[in-house]
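As C-alpha coordinates, the structure follows; a few thoughts come after it.
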Amino acid sequence: MKDNNTMNVIGIEIGGSKLQLLALDQTNQIVFKETARVNRNLGADSLQEAILRMLESAASTLGSFDAIGVGFGGPVDRRSGIIKASFHVDGWSDFDFPSWIDSLYPNTPTLLENDTNAAAFGEAILGAGREYSHVLYSNSGSGVGGGLVVNKKPYHGSTFFEMELGHILLDQDGRTVEKACSGWSIDKKIREDVRCNPESELASLFRKSNCGEHEHLGNLIDEALEQHIPDVIRIVDDACKQYAYALAQATLLLNPQIIILGGGVANMGAFWNSSVDKHLKQYLGDKFGPTPKVQLSQLGEWVVPIGAALVAKQHVNQKTLLR
(Lines give C-alpha, C1' and ligand atoms only; values in the text may rest on other atoms or scores of the structure.)
Protein backbone atom coordinates (compact mmCIF):
# COMPACT_ATOMS: atom_id res chain seq x y z
CA MET A 1 0.00 0.00 0.00
CA LYS A 2 1.25 3.48 -0.83
CA ASP A 3 2.45 5.71 2.00
CA ASN A 4 0.39 8.91 1.99
CA ASN A 5 3.52 10.89 2.84
CA THR A 6 5.32 9.87 -0.36
CA MET A 7 4.93 10.98 -3.94
CA ASN A 8 6.00 9.21 -7.10
CA VAL A 9 5.57 10.90 -10.47
CA ILE A 10 6.30 9.45 -13.89
CA GLY A 11 8.18 11.25 -16.65
CA ILE A 12 8.10 9.93 -20.23
CA GLU A 13 10.08 11.01 -23.28
CA ILE A 14 8.64 10.08 -26.66
CA GLY A 15 11.15 10.93 -29.36
CA GLY A 16 12.07 9.91 -32.86
CA SER A 17 14.93 7.68 -31.77
CA LYS A 18 14.31 6.73 -28.14
CA LEU A 19 11.58 6.12 -25.59
CA GLN A 20 12.44 6.78 -21.94
CA LEU A 21 10.46 6.52 -18.73
CA LEU A 22 11.47 7.30 -15.16
CA ALA A 23 9.93 8.00 -11.77
CA LEU A 24 10.89 10.73 -9.31
CA ASP A 25 10.08 10.51 -5.63
CA GLN A 26 9.22 13.32 -3.22
CA THR A 27 12.89 14.39 -3.00
CA ASN A 28 13.38 14.33 -6.80
CA GLN A 29 15.47 11.17 -6.68
CA ILE A 30 15.14 8.77 -9.62
CA VAL A 31 13.57 5.61 -8.20
CA PHE A 32 12.81 3.83 -11.46
CA LYS A 33 13.88 4.13 -15.09
CA GLU A 34 13.71 2.23 -18.37
CA THR A 35 14.67 3.06 -21.92
CA ALA A 36 14.06 1.58 -25.38
CA ARG A 37 15.05 2.38 -28.93
CA VAL A 38 12.36 3.55 -31.34
CA ASN A 39 11.71 1.72 -34.60
CA ARG A 40 10.03 4.41 -36.67
CA ASN A 41 8.69 1.88 -39.17
CA LEU A 42 6.44 0.24 -36.53
CA GLY A 43 4.44 3.41 -35.88
CA ALA A 44 2.78 4.78 -32.76
CA ASP A 45 1.03 1.50 -31.89
CA SER A 46 4.37 -0.13 -31.11
CA LEU A 47 5.40 2.80 -28.91
CA GLN A 48 2.10 2.73 -27.04
CA GLU A 49 2.62 -0.96 -26.29
CA ALA A 50 6.13 -0.20 -25.01
CA ILE A 51 4.85 2.67 -22.83
CA LEU A 52 2.21 0.38 -21.36
CA ARG A 53 4.84 -2.24 -20.52
CA MET A 54 7.05 0.38 -18.86
CA LEU A 55 4.14 1.78 -16.84
CA GLU A 56 3.20 -1.72 -15.67
CA SER A 57 6.81 -2.30 -14.63
CA ALA A 58 6.91 1.03 -12.77
CA ALA A 59 3.62 0.26 -10.99
CA SER A 60 4.95 -3.15 -9.98
CA THR A 61 8.07 -1.55 -8.52
CA LEU A 62 6.54 1.55 -6.91
CA GLY A 63 3.05 0.37 -6.00
CA SER A 64 1.41 3.40 -7.64
CA PHE A 65 2.15 6.87 -8.94
CA ASP A 66 0.46 10.24 -8.52
CA ALA A 67 0.76 11.77 -12.00
CA ILE A 68 2.35 11.32 -15.40
CA GLY A 69 4.27 13.93 -17.38
CA VAL A 70 5.07 13.43 -21.06
CA GLY A 71 7.67 15.22 -23.16
CA PHE A 72 6.74 14.63 -26.80
CA GLY A 73 9.01 15.27 -29.77
CA GLY A 74 6.62 17.42 -31.77
CA PRO A 75 3.85 20.01 -31.45
CA VAL A 76 1.33 19.35 -28.70
CA ASP A 77 -1.72 21.15 -27.35
CA ARG A 78 -0.84 21.04 -23.67
CA ARG A 79 -4.24 22.40 -22.61
CA SER A 80 -6.24 19.58 -24.20
CA GLY A 81 -3.49 16.99 -24.00
CA ILE A 82 -3.70 16.25 -27.71
CA ILE A 83 -0.61 15.49 -29.77
CA LYS A 84 -0.98 17.66 -32.86
CA ALA A 85 1.54 15.92 -35.11
CA SER A 86 4.68 13.84 -35.21
CA PHE A 87 7.42 14.38 -37.76
CA HIS A 88 9.23 11.19 -36.75
CA VAL A 89 6.74 8.36 -36.14
CA ASP A 90 3.38 7.91 -37.90
CA GLY A 91 0.18 7.46 -35.93
CA TRP A 92 0.42 10.14 -33.24
CA SER A 93 -1.44 12.97 -35.00
CA ASP A 94 -4.50 14.19 -33.04
CA PHE A 95 -3.88 11.52 -30.40
CA ASP A 96 -5.61 12.22 -27.06
CA PHE A 97 -2.91 11.09 -24.66
CA PRO A 98 -4.67 11.84 -21.31
CA SER A 99 -7.79 9.91 -22.36
CA TRP A 100 -5.64 6.95 -23.36
CA ILE A 101 -3.84 7.00 -20.00
CA ASP A 102 -7.14 7.39 -18.13
CA SER A 103 -8.43 4.23 -19.77
CA LEU A 104 -5.42 2.40 -18.33
CA TYR A 105 -4.87 4.24 -15.03
CA PRO A 106 -8.13 6.04 -14.10
CA ASN A 107 -7.89 9.34 -12.25
CA THR A 108 -4.17 9.69 -12.86
CA PRO A 109 -3.43 13.28 -14.04
CA THR A 110 -1.47 13.35 -17.30
CA LEU A 111 0.42 16.48 -18.39
CA LEU A 112 1.64 16.80 -21.95
CA GLU A 113 4.53 19.07 -22.99
CA ASN A 114 6.76 19.54 -25.99
CA ASP A 115 10.01 17.69 -25.27
CA THR A 116 12.18 20.82 -25.38
CA ASN A 117 9.90 22.68 -22.98
CA ALA A 118 10.13 19.71 -20.62
CA ALA A 119 13.92 19.69 -20.90
CA ALA A 120 14.11 23.44 -20.27
CA PHE A 121 12.02 23.04 -17.13
CA GLY A 122 14.17 20.16 -15.92
CA GLU A 123 17.37 22.15 -16.34
CA ALA A 124 15.83 25.22 -14.68
CA ILE A 125 14.73 23.26 -11.61
CA LEU A 126 17.42 20.60 -11.13
CA GLY A 127 20.12 21.27 -13.71
CA ALA A 128 22.46 24.00 -14.90
CA GLY A 129 19.80 26.71 -14.59
CA ARG A 130 18.68 26.07 -11.02
CA GLU A 131 20.36 29.25 -9.69
CA TYR A 132 18.91 31.52 -12.38
CA SER A 133 15.52 33.15 -12.88
CA HIS A 134 15.67 33.48 -16.70
CA VAL A 135 16.78 30.28 -18.40
CA LEU A 136 16.95 29.62 -22.13
CA TYR A 137 17.50 25.99 -23.11
CA SER A 138 18.21 24.80 -26.65
CA ASN A 139 18.79 21.31 -27.97
CA SER A 140 20.48 20.40 -31.22
CA GLY A 141 20.13 16.84 -32.47
CA SER A 142 18.04 15.52 -35.34
CA GLY A 143 16.33 18.91 -35.05
CA VAL A 144 16.83 22.13 -33.11
CA GLY A 145 14.47 23.38 -30.42
CA GLY A 146 14.23 25.95 -27.68
CA GLY A 147 12.50 26.42 -24.35
CA LEU A 148 12.26 29.36 -21.94
CA VAL A 149 11.69 29.24 -18.18
CA VAL A 150 11.07 32.47 -16.25
CA ASN A 151 10.98 32.45 -12.46
CA LYS A 152 10.69 28.65 -12.49
CA LYS A 153 7.67 28.71 -14.79
CA PRO A 154 7.79 27.46 -18.42
CA TYR A 155 6.90 30.06 -21.01
CA HIS A 156 4.01 29.10 -23.30
CA GLY A 157 2.71 30.87 -26.37
CA SER A 158 -0.89 31.71 -27.17
CA THR A 159 -1.42 28.49 -29.14
CA PHE A 160 0.32 25.13 -29.22
CA PHE A 161 3.83 26.19 -30.20
CA GLU A 162 6.52 28.60 -29.03
CA MET A 163 10.30 29.01 -29.00
CA GLU A 164 10.71 27.19 -32.33
CA LEU A 165 14.38 28.13 -32.51
CA GLY A 166 15.12 25.57 -35.21
CA HIS A 167 12.70 27.29 -37.61
CA ILE A 168 14.25 30.75 -37.25
CA LEU A 169 15.34 31.99 -40.68
CA LEU A 170 19.03 32.69 -41.15
CA ASP A 171 18.48 34.44 -44.50
CA GLN A 172 15.71 35.54 -46.85
CA ASP A 173 16.05 32.40 -48.95
CA GLY A 174 14.42 30.25 -46.27
CA ARG A 175 17.53 28.67 -44.75
CA THR A 176 16.66 27.73 -41.19
CA VAL A 177 18.72 27.02 -38.08
CA GLU A 178 17.92 23.30 -38.40
CA LYS A 179 19.26 23.25 -41.95
CA ALA A 180 22.47 24.90 -40.80
CA CYS A 181 23.36 23.29 -37.49
CA SER A 182 21.30 20.21 -36.63
CA GLY A 183 23.09 16.89 -36.30
CA TRP A 184 21.88 15.76 -39.72
CA SER A 185 23.12 18.97 -41.38
CA ILE A 186 26.58 18.59 -39.84
CA ASP A 187 26.68 14.96 -41.00
CA LYS A 188 25.69 16.04 -44.50
CA LYS A 189 28.48 18.63 -44.68
CA ILE A 190 31.05 16.09 -43.53
CA ARG A 191 29.94 13.54 -46.15
CA GLU A 192 30.08 16.23 -48.86
CA ASP A 193 33.59 17.22 -47.76
CA VAL A 194 34.70 13.58 -47.91
CA ARG A 195 33.30 13.22 -51.44
CA CYS A 196 34.97 16.40 -52.63
CA ASN A 197 38.31 15.67 -50.92
CA PRO A 198 38.80 11.87 -51.06
CA GLU A 199 42.50 12.10 -50.18
CA SER A 200 42.02 14.25 -47.10
CA GLU A 201 42.74 13.26 -43.50
CA LEU A 202 39.01 13.42 -42.82
CA ALA A 203 38.23 11.09 -45.75
CA SER A 204 40.76 8.58 -44.47
CA LEU A 205 39.19 8.60 -41.01
CA PHE A 206 35.72 8.30 -42.55
CA ARG A 207 36.69 5.18 -44.49
CA LYS A 208 38.19 3.58 -41.39
CA SER A 209 35.01 4.25 -39.41
CA ASN A 210 32.82 2.21 -41.82
CA CYS A 211 29.87 4.54 -41.15
CA GLY A 212 26.62 3.52 -42.81
CA GLU A 213 24.95 5.75 -45.37
CA HIS A 214 22.26 6.96 -42.96
CA GLU A 215 24.23 6.63 -39.73
CA HIS A 216 24.86 9.60 -37.45
CA LEU A 217 28.53 10.55 -37.42
CA GLY A 218 28.80 11.52 -33.76
CA ASN A 219 31.58 9.07 -32.90
CA LEU A 220 33.57 10.02 -35.99
CA ILE A 221 33.22 13.72 -35.18
CA ASP A 222 34.39 13.17 -31.61
CA GLU A 223 37.46 11.28 -32.83
CA ALA A 224 38.21 13.88 -35.51
CA LEU A 225 38.02 16.70 -32.96
CA GLU A 226 40.36 14.80 -30.63
CA GLN A 227 42.80 14.47 -33.55
CA HIS A 228 42.37 18.18 -34.43
CA ILE A 229 41.47 17.40 -38.03
CA PRO A 230 41.06 20.86 -39.63
CA ASP A 231 38.13 20.04 -41.93
CA VAL A 232 35.94 18.83 -39.06
CA ILE A 233 36.94 21.76 -36.87
CA ARG A 234 35.92 24.11 -39.69
CA ILE A 235 32.57 22.38 -40.32
CA VAL A 236 31.58 22.15 -36.66
CA ASP A 237 32.74 25.69 -35.89
CA ASP A 238 30.65 27.01 -38.78
CA ALA A 239 27.60 25.18 -37.37
CA CYS A 240 28.32 26.76 -33.98
CA LYS A 241 28.52 30.17 -35.65
CA GLN A 242 25.08 29.75 -37.26
CA TYR A 243 23.64 28.44 -33.98
CA ALA A 244 25.12 31.38 -32.05
CA TYR A 245 23.59 33.79 -34.56
CA ALA A 246 20.12 32.43 -33.77
CA LEU A 247 20.85 32.43 -30.03
CA ALA A 248 22.00 36.05 -30.32
CA GLN A 249 18.60 37.02 -31.78
CA ALA A 250 16.88 35.11 -28.97
CA THR A 251 19.08 36.89 -26.42
CA LEU A 252 18.20 40.33 -27.79
CA LEU A 253 14.49 39.46 -27.51
CA LEU A 254 14.47 37.55 -24.22
CA ASN A 255 17.60 38.59 -22.26
CA PRO A 256 18.22 35.26 -20.49
CA GLN A 257 20.83 34.94 -17.76
CA ILE A 258 22.00 31.55 -18.99
CA ILE A 259 21.77 29.57 -22.22
CA ILE A 260 21.91 25.81 -21.71
CA LEU A 261 22.95 23.61 -24.64
CA GLY A 262 21.55 20.09 -24.88
CA GLY A 263 20.71 17.44 -27.45
CA GLY A 264 22.89 14.86 -29.15
CA VAL A 265 25.17 17.39 -30.87
CA ALA A 266 26.07 18.92 -27.50
CA ASN A 267 27.70 15.57 -26.65
CA MET A 268 30.73 17.04 -28.44
CA GLY A 269 31.21 18.71 -25.07
CA ALA A 270 33.73 21.49 -24.52
CA PHE A 271 34.34 22.25 -28.20
CA TRP A 272 30.64 22.80 -28.93
CA ASN A 273 30.13 24.85 -25.77
CA SER A 274 33.18 27.08 -26.19
CA SER A 275 32.63 27.66 -29.90
CA VAL A 276 28.98 28.69 -29.46
CA ASP A 277 30.01 30.95 -26.55
CA LYS A 278 32.80 32.54 -28.60
CA HIS A 279 30.53 33.39 -31.54
CA LEU A 280 27.70 34.59 -29.29
CA LYS A 281 30.07 37.10 -27.68
CA GLN A 282 31.21 38.26 -31.11
CA TYR A 283 27.63 38.87 -32.27
CA LEU A 284 26.42 40.63 -29.12
CA GLY A 285 29.49 42.58 -28.05
CA ASP A 286 29.28 44.40 -24.74
CA LYS A 287 26.86 47.25 -25.44
CA PHE A 288 24.07 45.49 -23.52
CA GLY A 289 26.30 44.27 -20.70
CA PRO A 290 27.66 40.78 -20.14
CA THR A 291 26.43 38.09 -22.52
CA PRO A 292 24.49 35.18 -21.01
CA LYS A 293 26.48 32.35 -19.55
CA VAL A 294 26.63 29.41 -21.98
CA GLN A 295 26.73 25.98 -20.37
CA LEU A 296 26.12 22.37 -21.33
CA SER A 297 23.11 20.51 -19.98
CA GLN A 298 23.74 18.89 -16.60
CA LEU A 299 20.92 16.35 -16.79
CA GLY A 300 22.20 14.71 -19.96
CA GLU A 301 20.17 12.15 -21.86
CA TRP A 302 17.47 11.96 -19.14
CA VAL A 303 16.71 15.69 -19.20
CA VAL A 304 13.35 15.33 -21.01
CA PRO A 305 11.73 12.68 -18.75
CA ILE A 306 13.10 14.45 -15.65
CA GLY A 307 11.52 17.70 -16.82
CA ALA A 308 8.27 15.95 -17.72
CA ALA A 309 8.13 14.36 -14.26
CA LEU A 310 8.70 17.78 -12.66
CA VAL A 311 5.81 19.21 -14.71
CA ALA A 312 3.62 16.43 -13.32
CA LYS A 313 4.86 17.04 -9.77
CA GLN A 314 4.17 20.78 -10.07
CA HIS A 315 0.59 19.95 -11.05
CA VAL A 316 0.12 17.64 -8.06
CA ASN A 317 1.61 20.19 -5.65
CA GLN A 318 -0.64 22.97 -6.97
CA LYS A 319 -3.72 20.80 -6.57
CA THR A 320 -2.66 19.95 -3.01
CA LEU A 321 -2.28 23.63 -2.12
CA LEU A 322 -5.79 24.37 -3.43
CA ARG A 323 -7.46 21.77 -1.24
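- Shortest non-hydrogen contact noted between R79 and G157 is NH2-O, 3.4 Å.
- Counting heavy atoms from C-beta on, the side chains of L169 and T176 come closer than 4.5 Å.
- For the residue pair E215 and G212, the shortest heavy atom distance occurs at OE1-N, 2.8 Å.
- H156 and E113 form a side-chain donor-acceptor contact under 3.5 Å, judged by distance and modelled atom types alone.
- Considering all non-hydrogen atoms of both residues, A239 and W272 come closest at CB-CZ3, 4.3 Å.
- Between Y137 and V149, every side-chain heavy-atom pair lies at or beyond the 4.5 Å cut-off.
- The pair D277-K281 meets the salt-bridge criterion, since a charged nitrogen lies less than 4.0 angstrom from a carboxylate oxygen.
- With hydrogens and angles disregarded, a donor-acceptor distance shorter than 3.5 Å links the side chain of N114 to the backbone of T116.
- Annotation: side chain of Y243 is not in contact with side chain of V265 (no heavy-atom distance under 4.5 Å).
- Counting all heavy atoms, side chain and backbone alike, P292 lies closest to T251 at CG-CG2, 3.7 Å.
- With contacts defined as side-chain heavy-atom distances shorter than 4.5 Å, the pair K179/S185 does not qualify.
- No more than 12 heavy-atom neighbours from other residues, nucleotides or ligands sit within 6.0 angstrom of CG on D90.
- Here the side chains of H134 and Y155 are not in contact, with every heavy-atom distance at 4.5 Å or above.
- When the side chains of ILVMFWY residues are joined at heavy-atom separations under 4.5 Å, either directly or via intervening members, V232 and L217 end up in a single hydrophobic cluster.
- Y105 and F65 have tilted rings, their planes meeting at an angle from 30° to 60° on a 0 to 90° scale.
- Considering every non-hydrogen atom in both T108 and I101, the closest pair reads O-CG2, 4.4 Å.
- Relative ring orientation between Y245 and Y283 is described as perpendicular, the plane-to-plane angle rising above 60° on a 0-90° scale split at 30° and 60°.
- The two residues L247 and S138 make their nearest non-hydrogen contact at CD2-CB, 4.3 Å.
- Put simply, the side chain of Q257 does not reach to within 4.5 Å of the side chain of K293, judged on heavy atoms.
- By the 6.0 Å contact criterion, NZ on K18 is enclosed, its count of non-hydrogen atoms from other residues, nucleotides or ligands being greater than 12.
- In this structure a side-chain-to-backbone donor-acceptor pair under 3.5 Å is missing from N197 to S200.
- Within the 4.5 Å cutoff, side-chain heavy atoms of M7 are placed close to those of N317.
- A heavy-atom distance below 4.5 Å is found between the side chains of D187 and H216.
- Here the side chain of S46 pairs no donor or acceptor atom with the backbone of G43 at under 3.5 angstrom.
- In this structure, K241 does not pair ionically with D238, as no charged nitrogen and carboxylate oxygen lie closer than 4.0 Å.
- Partner of F72 under the ring pair (Phe, Tyr, Trp, His ring centres under 6.0 Å) criterion, chosen from F87, F160, W92, F97: W92.
- Side-chain contact, H279 with Q282: a donor N or O sits under 3.5 Å from an acceptor N or O.
- F271 CZ: more than 12 foreign heavy atoms inside a 6.0 Å radius.
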